[in-house]
Amino acid sequence: MIYLDNSATTRPFPEVVQVHAEVASRYFANPASLHGLGEESERLLLSARRQVASLLGAEAAEIVFTSGGTESNQLAILGRIRARAHRGKHIITSAVEHASVRQLMRSLEEQGFEVTWLSPDRAGRITVEQVIDAVRDDTILVSLIHVQNELGTIMPVKEIASALRHFPQLVFHVDHVQGAGKECLQMDETPIDLLSISAHKLHGLKGTGVLYCREGTSLTTVQDGGGQERGLRSGTVNVAGAVAAAKAWRLTVERYRQKHTELRKMTANLRRQLTDIDEVIVLSPEDAVSHIVQFAVPHVKSEVLVNALSRRNIYVSTQSACASKAHQPSRVLLSCGHSNEVAGSALRISLSCETKPAELHEFVGVFKEEVNQLQKVMR
């Protein structure tokens, strides 16, 4: 099997699966319980919170554990606008956000909020100037993705965060799901207020995420209950998930740091090989992250190629996994100004620190065969 769909989800590290099983079986007590077993669970939870905070350059009290990236995104956005709706109802975001943000913004528009949708360039990038020009007196939130999950484009969120410091009435939320562990952000160096992360994109397990909430940033809970996680996310905390997420994140940072140069070389070589194939168009910009390459084969539907490669035991994707079964052209590529033909024929290769050069070499060979065969049929 050659797995090249790591932006959809990563294979959990064996060490992460092991620590999750150990904590789930041995430290199963509720961390809110007053007895000794509960205190043991609470100590483990605090340790995980401190580990995550250290990886982010944050304080432990600023870390909120959630069920994943979608919940982290929506808790950040809904929690903030409910806390500050009396100050204004204007939000700034982009046309290339993940579905968990885009769909929520559409819903908020129906509820009377005004959303400014920033248009990207052909590479899917938003500029600092676009964001600043869109800020108004009644703007309460800016929410942007860090690494665009289809193109791999890196948004200038550090520069945007610095520029937004001149507007104290609003907060800046960043969807860091595709960047965490690879294009790391440090909260002690970057004035981002809210940051979302998902464990299963970091060789962790599904069902655990993180929301960083800078001290002094007011949020309103979106679910009432026992007041866990600073009162922002009621419900018994998933201790095993939190511990496993912290370990997965630490290992990912270490291993991607070791493999960064090799991944860059592998990606550059893959881009060259794809460009040499007749009619293939590489869509990801040259300065995209080292683990994502998006390209298109006009006149060939992307799902046809995905299925053909799958039969050869090679796994890639068409676009975001959340949208891939819709069988529609990529809305991200359409918003970047690409044609329906290109947007409907795009494929995404996403690597991990476990991807080997030989796997990419085999992929390119099989891909050429399948494309040539399909083009012969079409002619």
Side-chain angles (χ1 to χ4, degrees), residues 72-179 183 185 187 190-196 211-214 216-220 285 287-288 320 330-338:
S72 293
N73 282 339
Q74 300 207 357
L75 175 56
I77 294 167
L78 288 174
R80 181 57 186 177
I81 64 171
R82 290 181 180 179
R84 283 294 182 268
H86 62 286
R87 296 283 184 91
K89 290 196 171 186
H90 180 236
I91 304 168
I92 299 170
T93 191
S94 84
V96 294
E97 299 302 307
H98 185 266
S100 61
V101 171
R102 179 175 57 89
Q103 294 290 72
L104 176 58
M105 293 296 182
R106 292 296 185 199
S107 176
L108 290 172
E109 285 182 315
E110 294 175 358
Q111 297 173 39
F113 287 86
E114 186 178 352
V115 179
T116 294
W117 299 87
L118 302 177
S119 298
D121 62 16
R122 296 278 285 187
R125 187 174 286 107
I126 300 298
T127 66
V128 178
E129 291 74 22
Q130 281 179 284
V131 176
I132 299 307
D133 288 346
V135 174
R136 307 184 329 202
D137 290 341
D138 61 341
T139 306
I140 57 174
L141 175 70
V142 177
S143 179
L144 294 174
I145 199 166
H146 176 212
V147 173
Q148 211 295 310
N149 53 305
E150 293 184 26
L151 286 158
T153 304
I154 304 172
M155 300 292 183
V157 294
K158 294 180 182 178
E159 294 80 3
I160 291 170
S162 295
L164 289 176
R165 294 182 71 181
H166 300 291
F167 303 94
Q169 82 276 15
L170 59 79
V171 300
F172 184 28
H173 164 246
V174 172
D175 176 351
H176 189 42
V177 168
Q178 289 293 341
E183 293 290 332
L185 296 172
M187 297 302 95
T190 308
I192 291 169
D193 303 297
L194 300 162
L195 190 89
S196 304
L211 173 64
Y212 162 79
C213 180
R214 185 176 293 278
T217 302
S218 60
L219 294 184
T220 296
D287 59 352
S320 168
S330 164
R331 61 169 181 82
V332 168
L333 294 179
L334 291 176
S335 70
C336 294
H338 293 284

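Starting from 1, each residue takes its place in the sequence as its number.
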Next item on the list: Check whether the side chains of T220 and R80 place a donor and an acceptor atom closer than 3.5 Å, and report yes or no.
Entry: no
Checklist line | Side chains of P120 and T153 in contact at under 4.5 Å (non-hydrogen atoms) | finding: no
Notebook entry, point to check: Within 45 degrees of the axis of the six-membered ring of W117 and under 6.0 Å from its centre: does R106 put its NZ or CZ there?
Noted result: yes
Note to self: Could you go through E114 and K89, starting from their C-alpha distance and side-chain angles, then the distance that decides it, and tell me whether this counts as side chain to side chain contact (heavy atoms under 4.5 Å, CB included)?
What the structure shows: CA-CA 6 Å; E114 186 178 352; K89 290 196 171 186; 5.9 Å; no
Next item on the list: Carefully, step by step, assess V142 and V131 under the rule side chain to side chain contact (heavy atoms under 4.5 Å, CB included).
Entry: CA-CA 8 Å; V142 177; V131 176; 4.2 Å; yes
Notebook entry, point to check: Can you check whether S119's main-chain N or O pairs, donor with acceptor, with Q130's side chain at less than 3.5 Å?
Noted result: yes
Item checked: Any donor-acceptor N/O pair, S162 side chain to K158 backbone, under 3.5 Å -> yes
Next item on the list: Begin with the C-alpha distance, continue with both residues' side-chain angles, and end with the deciding distance and a verdict on side chain to side chain contact (heavy atoms under 4.5 Å, CB included) for L195 and L185.
Entry: CA-CA 10 Å; L195 190 89; L185 296 172; 4.0 Å; yes
Note to self: Please evaluate residues I77 and M105 with respect to the criterion side chain to side chain contact (heavy atoms under 4.5 Å, CB included), reporting the C-alpha separation (whole Å), side-chain torsions for both, the decisive distance (0.1 Å), and the verdict.
What the structure shows: CA-CA 9 Å; I77 294 167; M105 293 296 182; 3.9 Å; yes
Note to self: Is it the case that over 12 heavy atoms from other parts of the model lie below 6.0 angstrom from the CZ atom of R136?
What the structure shows: yes
Item checked: Any donor-acceptor pair under 3.5 Å from Q148 side chain to V96 backbone -> yes
Notebook entry, point to check: Roughly how far, to the nearest 0.5 Å, is NE2 of H173 from CG of L141?
Noted result: 8.0 Å
Note to self: Using every non-hydrogen atom in the two residues, find where G179 and H146 come nearest and quote the distance to one decimal.
What the structure shows: CA-ND1, 4.1 Å
Next item on the list: Decide yes or no for H338 and R122: does some side-chain heavy atom of the first lie under 4.5 Å from some side-chain heavy atom of the second?
Entry: yes
Item checked: Heavy-atom side-chain proximity of T190 to V157 below 4.5 angstrom -> no
Next item on the list: Calculate, to the nearest 0.5 Å, the distance between atoms CD and CG belonging to Q178 and L151 respectively.
Entry: 11.5 Å
Item checked: Considering all heavy atoms, the nearest G124-C336 contact -> CA-SG, 3.5 Å
Checklist line | Value rounded to 0.5 Å, distance of CG in L164 from CD in Q169 | finding: 9.5 Å
Checklist line | Heavy-atom closest pair, residues E150 and S330 | finding: OE1-OG, 2.6 Å
Next item on the list: List the atom of L104, the atom of S100, and the distance in Å for their closest heavy-atom pair.
Entry: CB-O, 3.6 Å
Check: CZ of R125 to CG of L118: how many Å apart, nearest 0.5 Å?
Finding: 14.5 Å
Next item on the list: To the nearest 0.5 Å, tell me how far L170 CG sits from I91 CD1.
Entry: 11.5 Å
Notebook entry, point to check: Minimum heavy-atom separation for S143 to T93, with atom names?
Noted result: O-OG1, 2.9 Å
Next item on the list: Side-chain contact test, heavy atoms from C-beta onward, threshold under 4.5 Å: evaluate it for H98 versus V177 and give yes or no.
Entry: no
Note to self: So T139 and T116, do their side chains get closer than 4.5 Å, heavy atoms only?
What the structure shows: no
Item checked: Any L78 side-chain heavy atom under 4.5 Å of L108 side chain -> yes
Notebook entry, point to check: Do E109 and Q111 come close enough that some side-chain heavy atom pair is under 4.5 Å?
Noted result: no
Notebook entry, point to check: Mind checking whether E97 and L144 have side chains closer than 4.5 Å, heavy atoms only?
Noted result: yes
Margin query: Please give me the minimum heavy-atom distance between L219 and A76, naming the atom from each residue.
Written below: CD2-O, 3.9 Å
Next item on the list: Using a cut-off of 6.0 Å, state whether more than 12 heavy atoms not belonging to D137 lie near its atom CG.
Entry: no
Check: When rounded to the nearest 0.5 angstrom, what distance separates SG in C213 from CD1 in I192?
Finding: 13.0 Å
